[in-house]
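Quick note: residue numbers are just sequence positions, from 1.
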Amino acid sequence: MKKPPATTPPPAGANQLSRRNFLKLGLGALGALAILETGGASLLFLQPRAAAGEFGGVVTAGASDSFPAGSVTEFPDGRFFLVRAPDGGFLAVYRRCTHLGCSVSWQPAENRFFCPCHASTFDLHGNVTNPPAPRALDTFPVTIEAGQVRVNTTRPDTRDNFTPDQLAYET
Ligand code: FES
């Protein structure tokens with residue numbers, strides 16, 4: 001009977017060396033992954049929460065003299081209506097209904113905001129004219145600098161009713 005050819009045993013430590021290399025490779029890959037994750041998280045943290053001109057940030061609505069007294073202009077990306085009151089003051093009305101949060105629309109023929117969900121209506125200043133909405137529409141702070149109207153949509157201001165001190169004027 002023929003003897004099988006003798007195999008040469010691996011040199012001493014060869015198996016151990018490859019295992020060590022494998023561990024080194026794995027640890028290196030994990031380290032690189034950790035660096036990538038940390039870098040990615042830092043970039044996300046530095047990113048603004050809302051792009052300029054969109055809901056959640058400051059929206060430049062335009063030149064104050066481009067909004068006639070008594071007008072209502074919708075800014076869909078900012079989720080508000082810019083109201084210019086008959087006396088020239090500005091009010092940014094959040095489009096979210098104070099009942100259950102549906103989006104209201106402006107009905108110029110009726111001179112009112114209307115909620116399609118349960119038929120609440122609101123006047124030009126956002127006051128409730130027909131329930132079930134429990135209070136006036138929320139607003140956003142308005143500033144007028146160098147003739148430009150800006151609306152800060154970071155956080156809405158809640159209110160029960162409209163009062164004239166809520167209007168913003170050019171200083
Ligand atoms: S959500 Fe507007 S009336 Fe109900």
Side-chain angles (χ1 to χ4, degrees), residues 32-171:
L33 192 66
I35 288 169
L36 280 175
E37 279 188 24
T38 308
S42 302
L43 285 176
L44 280 177
F45 180 75
L46 292 173
Q47 209 174 27
R49 288 195 309 174
E54 288 181 0
F55 179 74
V58 175
V59 176
T60 300
S64 58
D65 56 12
S66 64
F67 302 100
S71 67
V72 176
T73 309
E74 184 172 9
F75 286 81
D77 290 346
R79 302 185 195 175
F80 66 87
F81 295 88
L82 186 65
V83 173
R84 188 151 201 196
D87 75 345
F90 285 94
L91 190 67
V93 175
Y94 190 13
R95 73 178 183 195
R96 187 178 186 276
C97 180
T98 52
H99 180 224
L100 293 177
C102 292
S103 292
V104 302
S105 61
W106 173 247
Q107 296 181 321
E110 311 288 340
N111 203 36
R112 68 180 188 183
F113 293 100
F114 175 74
C115 180
C117 292
H118 310 98
S120 283
T121 58
F122 308 83
D123 68 13
L124 179 77
H125 296 109
N127 275 326
V128 178
T129 49
N130 187 51
R135 56 185 179 77
L137 294 168
D138 297 338
T139 59
F140 293 113
V142 177
T143 53
I144 303 125
E145 293 161 8
Q148 289 294 311
V149 181
R150 291 192 174 81
V151 178
N152 186 345
T153 63
T154 309
R155 196 182 55 184
D157 292 328
T158 58
R159 57 188 182 152
D160 290 328
N161 294 296
F162 167 75
T163 52
D165 63 311
Q166 294 164 1
L167 293 168
Y169 297 88
E170 192 151 16
T171 49

Quick one, F113 with Y94, criterion ring-ring contact (aromatic ring centres under 6.0 Å, His included). Give me CA distance, side-chain angles, the key distance, then yes/no. CA-CA 11 Å; F113 293 100; Y94 190 13; over 10 Å; no

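- Contact of the P134 side chain with the T98 side chain is registered, since non-hydrogen atoms from C-beta on lie closer than 4.5 Å.
- Within the 4.5 Å cutoff, no side-chain heavy atoms of V151 are placed close to those of F75.
- V93 has its side chain out of reach of F122: every pair of non-hydrogen atoms, C-beta onward, lies at least 4.5 Å apart.
- Side-chain contact check for T143 versus N152: every heavy-atom pair is 4.5 Å or farther apart.
- With 2.5 angstrom as the limit on SG-SG distance, C102 and C115 do not come in below it.
- Between N111 and W106 the shortest side-chain heavy-atom distance falls below 4.5 Å.
- Using the six-membered ring where Trp is involved, H125 and F162 have ring planes that are parallel, under 30° apart on the 30 and 60° scheme.
- For the residue pair G78 and T153, the shortest heavy atom distance occurs at O-CG2, 3.8 Å.
- Judged by distance alone, the side chain of D138 and the main-chain N or O of R96 form no donor-acceptor pair under 3.5 Å.
- Within the 3.5 Å criterion, the main-chain N or O of R95 finds no donor-acceptor partner in the side chain of S103.
- Not a single donor-acceptor pair under 3.5 Å links the side chain of T60 to the backbone N or O of R150.
- Contact check for L124 versus V83: side-chain heavy atoms found under the 4.5 Å cut-off.
- Between the side chain of Q166 and the main chain of N161, a donor-acceptor pair closer than 3.5 Å is present.
- Listed for the R84 side chain is a donor-acceptor partner under 3.5 Å among the backbone atoms of S64.
- For R159 (side chain) and L137 (main-chain N/O), a donor-acceptor pair under 3.5 Å exists by modelled atom type.
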